[in-house]
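One structure is given here, and the rest of the page talks about it.
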Amino acid sequence: MIRIGILARVATWKGGALPGDLIGVWQSPEFGEMEGERKVVVAALQFACSDSVSGNVETAERLVRAAHKKGANIVLIQELFEGYYFCQAQREDFFKRAKPYKDHPTILRMQKLAQELGVVIPVSFFEEANNAHYNSVAIIDADGTDLGLYRKSHIPDGPGYQEKFYFNPGDTGFKVFSTKFAKIGIAICWDQWFPEAARAMVLQGAEILFYPTAIGSEPQDSELDSREHWKRVMCGHAGANLVPLAASNRIGKETIETEHGDSTIKFYGNSFIAGPTGEIVALANDKDEAVLTAEFNLDKIKYQRHSWGIFRDRRPDLYKALLTLDGTRKSSSG
């Protein structure tokens, strides 16, 4: 049996909202109990950011500790949680927010926390690398070891989300990190709209996918609300690859002074955890701080994934169009 605990001030449960902390149970009927089961508890955090690094890091630590008390083994914090989502504006002074990967103070603090609690923590940060800058995540293992870095591959550029001004396209490629509890794949926000990224990570052995995120309203169109689309796309990644998936998003309204006046985004939260058939098993609302947790039996899911045949029946020889921008096959002579 796979047991799911849903922990939030307000959680959606069977189509209704219940106030207060909520514990729920989800059972997968596909398989019975097995010997040597590998179970892991995944957590996704959600909170409003101020523009105080110390305050936000303290909030993140408090919620990581709360997740640990609920049994979490791997705890996902939202994208760029050290401050406001500054990419609403193109401002030279915002480059001061970037810091080198080596000896990054927030990463060092999370290493100590991970070691103390015995949990895995992916840590999102604005990276300065000589004259390059990246939207990056460092993956901290349960003993405090830094397992390495993923740099965001797909960089958006639109009203309110002007990331190309700040970030170089990532050069790490999609990676899988072998943590104490599972092999995990990490991608960041805009990466979540690309099924190729999820498939690449699972092909390399990822057993769970994680997406730290900062997404909300669209400053140029107050009627545009992408939250349901956003969730459905990632649930599709989970179902298409038969792996659990966690997404952590911020909440709250943030206003940034731009060269054209103030710009405001209301971040819509809706952080969630999905099971291996794309079903949402834990969901936060759009306004409350939350700690979501879900337990998965990775061995059961592995056998389900293998028996379903989606990786057995792949035809990489027919997917050459995916290596082009326009879908056409180019000859060797051009």
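We find that Glu82 and Lys99 are not joined by a salt bridge, their nearest charged nitrogen and carboxylate oxygen being 4.0 Å or further apart. Taking the charged nitrogens against the carboxylate oxygens, Arg38 and Asp299 do have a contact shorter than 4.0 Å, which makes a salt bridge. With respect to Lys112 and Glu116, no salt bridge is recorded, no charged nitrogen being found less than 4.0 Å from a carboxylate O.
In this structure, Tyr161 and Ile265 have side chains that are in contact, with non-hydrogen atoms separated by less than 4.5 Å.
Both tests hold for Arg199 against Phe311: distance to the six-membered ring centre under 6.0 Å, angle to the ring axis within 45°.
Linking ILVMFWY side-chain heavy atoms closer than 4.5 Å, directly or via other members, places Ile251 and Leu80 in two distinct hydrophobic clusters. Hydrophobic clustering of Ile, Leu, Val, Met, Phe, Trp and Tyr side chains at less than 4.5 Å, counting indirect connections, unites Leu283 with Ile215. Transitive grouping of hydrophobic side chains (ILVMFWY, heavy atoms separated by less than 4.5 Å) brings Tyr268 and Ile273 into a common cluster.
When every heavy atom of Ala44 is checked against every heavy atom of Ser248, the shortest pair comes out as CB-CB, 4.5 Å. Residues Val75 and Ala72 approach most closely at CG2-CB, 3.9 Å, considering heavy atoms. Taking each heavy atom of Ala238 and Leu245 in turn, the nearest pair found is CB-CB, 4.0 Å.
Within 6.0 Å of CG on Asp317 lie more than 12 heavy atoms contributed by other residues, nucleotides or ligands. For Glu92, the CD atom sits in a loose shell: 12 or fewer heavy atoms of surrounding residues, nucleotides or ligands are nearer than 6.0 Å. With a 6.0 Å radius and a threshold of 12 heavy atoms from other residues, nucleotides or ligands, Gln204 has its CD atom above the threshold. More than 12 non-hydrogen atoms from other residues, nucleotides or ligands lie less than 6.0 angstrom from NZ of Lys302.
Panel note: side chain Gln78, backbone Ala214; no donor-acceptor pair is recorded below 3.5 Å.
For the atom pair CG (Asp146) and CD1 (Ile107), the distance works out to 6.5 Å, reported to the nearest 0.5 Å. Note that CZ of Phe210 and OG of Ser124 are 14.5 Å apart. Values are rounded to the nearest 0.5 Å. Considering CG of Asp141 and CG of Leu147, their distance stands at 4.5 Å, rounded to 0.5 Å. For the atom pair CG of Asn56 and CZ of Arg250, the computed distance is 7.5 Å after rounding to the nearest 0.5 Å. Atom CD of residue Glu289 and atom OG of residue Ser271 lie 11.0 Å apart, to the nearest 0.5 angstrom.
Using the six-membered ring where Trp is involved, Phe86 and Phe94 have ring planes that are perpendicular, over 60° apart on the 30 and 60° scheme. Classified by interplanar angle (parallel below 30°, tilted 30° to 60°, perpendicular above 60°), the ring pair Trp190/Phe194 is perpendicular.
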Could you walk me through whether Asp171 and Arg151 pass the salt bridge (Lys or Arg N to Asp or Glu O under 4.0 Å) test, one step at a time? CA-CA 7 Å; Asp171 58 1; Arg151 291 168 169 166; 2.9 Å; yes
Should Glu61 and Val64 be marked as a side-chain contact (heavy atoms from CB on, under 4.5 Å) after you check the CA-CA gap, both sets of side-chain angles, and the distance that decides it? CA-CA 5 Å; Glu61 178 171 333; Val64 170; 5.6 Å; no
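In summary, of the residues considered (Phe165, Phe167, Tyr166), a side-chain contact (heavy atoms from CB on, under 4.5 Å) with Ile155 occurs for Phe167 alone.
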